[in-house]
2 protein chains.
Amino acid sequence: MDTQERLLDVAEFQIRQKGYNAVSFRELADELGIKSASVHYHFPTKQQLGVAVVHRYRDRFLENLNILAAKSSPQDGRVRTLCTAYRMALEKSNAHCLCGMLGAETRGLPEAVSQQVARFFQANIDWLATGFPTDWSPAKRQMRAAQVVAALQGGILLSISLDDSAHLVAAIQLVEMQSGIEFLETSR
Amino acid sequence: MDTQERLLDVAEFQIRQKGYNAVSFRELADELGIKSASVHYHFPTKQQLGVAVVHRYRDRFLENLNILAAKSSPQDGRVRTLCTAYRMALEKSNAHCLCGMLGAETRGLPEAVSQQVARFFQANIDWLATGFPTDWSPAKRQMRAAQVVAALQGGILLSISLDDSAHLVAAIQLVEMQSGIEFLETSR
DNA sequence: ATTCACCTATCTACTGATAGATAGAATACA
DNA sequence: TGTATTCTATCTATCAGTAGATAGGTGAAT
């Protein structure tokens, strides 16, 4: 299997567990059974590795989002789809969202990495905002979308820290309650 | 001024900026103009320092919460008070909540530290839950409280990562919208 | 005389990073 | 085709810097 891809896999896993600054080239190398110098062959600097990890994560996440949206019934909005994506991500990995982790560490990250993370969040928000009623102002759409992303990220955080995924489920419930009200407002 | 207290101040600041694993004894020492060995005099291990930082943070936060609750008008519930506390904390420090940061890093932390962090969140939730209508089941009160804490933590995360405190404000709006509905439900 | 709050000096382990070598595969050229 | 060259992916060895931690010493305050 492709070493580069395997490195990204392990790096993503480790960062989601312990954060960027607690991940070392030697540990990554050990995991693959190679030497740390060989990791530098594929990713010359840690910053470049970090950027690559976030980049791939964001691409995959958005791709998955569009697949889920295509599969779900049309009356289920994008909000529900995003909630599902977050719930699936937590169930699958039992770990923090990569960007939830890196977003927290922002000020201790190379700028190139934190910029990628910001783009992940903005992409989430933009994707959601597109699904809101067109008679809402762009600012309102952005705000509503940000509320959803915030609630979901917080839900994951609590789930991890208190070791109980019910907290993400509760956060999703809050989000969908809001959606329900908006539906009533709109269709009134 | 008390060195021990100053160490806790600087450690808290640094952790909130960069995370636990990016904070070093040398940096803390430099900040106070002492040597790293002297830091070990006050806090023999990093773990003990970490525990002390979180402990003090939690105590102060809860104390502040009760002060705010005493000052606010009685019809403003505990939800609004907690929102205010979070907004004030972000405005004052322009940094992540200490426990929001450490909660994310949970799996890369000494267990003693992550336990203290979990207790912070649980204390937040319990404090909130106490303020909900007594005819709600304990489980429902806990869930509603957790929803609020999750939304606020997520709001801070987005505010930090996207460098715009409006995201916490938006999260608060989501929370208060929910509270408003509950008020209607209850008083109906 | 003891304790406190710091110091110097040092330890081992680990960090990201680099230089230079090597085996083997792929490619270019005669 | 056969030889020469280059590329790929890894290695060994090493670097300067930093990590947390410890031993033992110093001067001042109690």
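This structure is a prediction, so every number in the text was calculated from the model and none was measured. In the text below, chain A, chain B and the rest are named by the order of the sequence lines, each starting its count at 1.
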Any T3(B) side-chain nitrogen or oxygen under 4.0 Å from OP1 or OP2 of dA5(C): no
Gap between atoms NE2 and C1', on H42(B) and dA21(D) respectively (whole Å): 16 Å
S36(A) side-chain N/O to dT15(C) phosphate OP1/OP2 under 4.0 Å: no
Salt bridge (Lys or Arg N to Asp or Glu O under 4.0 Å) assessment of K18(A) paired with E27(A): CA-CA 12 Å; K18(A) 310 180 297 181; E27(A) 218 178 328; 2.9 Å; yes
Separation of dA19(D) C1' from Y20(B) OH (nearest whole Å): 12 Å
Of R141(A), K140(A), Q142(A), the residue whose pairing with R144(A) passes side chain to side chain contact (heavy atoms under 4.5 Å, CB included): K140(A)
Sugar-phosphate only, base, or nothing, as touched by V39(B) at under 4.0 Å among non-hydrogen atoms: nothing
Full working for salt bridge (Lys or Arg N to Asp or Glu O under 4.0 Å) between D9(B) and R56(B): CA-CA 10 Å; D9(B) 287 344; R56(B) 191 188 66 161; 2.9 Å; yes
Sugar-phosphate only, base, or nothing, as touched by S24(B) at under 4.0 Å among non-hydrogen atoms: sugar-phosphate
Length of the CG-P vector between L49(B) and dG20(D), whole Å: 10 Å
K46(A) NZ to dA17(C) C1', straight-line distance once rounded to whole Å: 13 Å
Distance in angstrom units between N21(B) CG and dA19(D) C1', rounded: 11 Å
Pair R60(B) + E5(B), salt bridge at N-O below 4.0 Å: yes
Whole-Å gap separating C1' (dT15(C)) and CD (Q47(A)): 16 Å
Sugar-phosphate only, base, or nothing, as touched by F25(B) at under 4.0 Å among non-hydrogen atoms: sugar-phosphate
Sugar-phosphate only, base, or nothing, as touched by K35(B) at under 4.0 Å among non-hydrogen atoms: base
Distance in angstrom units between E5(A) CD and dA9(D) P, rounded: 13 Å
Lys/Arg cation over aromatic F25(A): K35(A), 6.0 Å, 45° cone: no
Phosphate OP1/OP2 of dT10(D): any Y41(A) side-chain N/O under 4.0 Å: no
Atom-to-atom span, CG of D30(A) to P of dA13(C) - whole angstrom: 16 Å
Residue I34(B), side-chain heavy atoms: nucleotide from dA21(D), dC7(C), dA17(C) that is nearest: dC7(C)
Minimum-distance nucleotide (side-chain atoms of A37(A) versus dA19(C), dT15(C), dA21(D)): dA19(C)
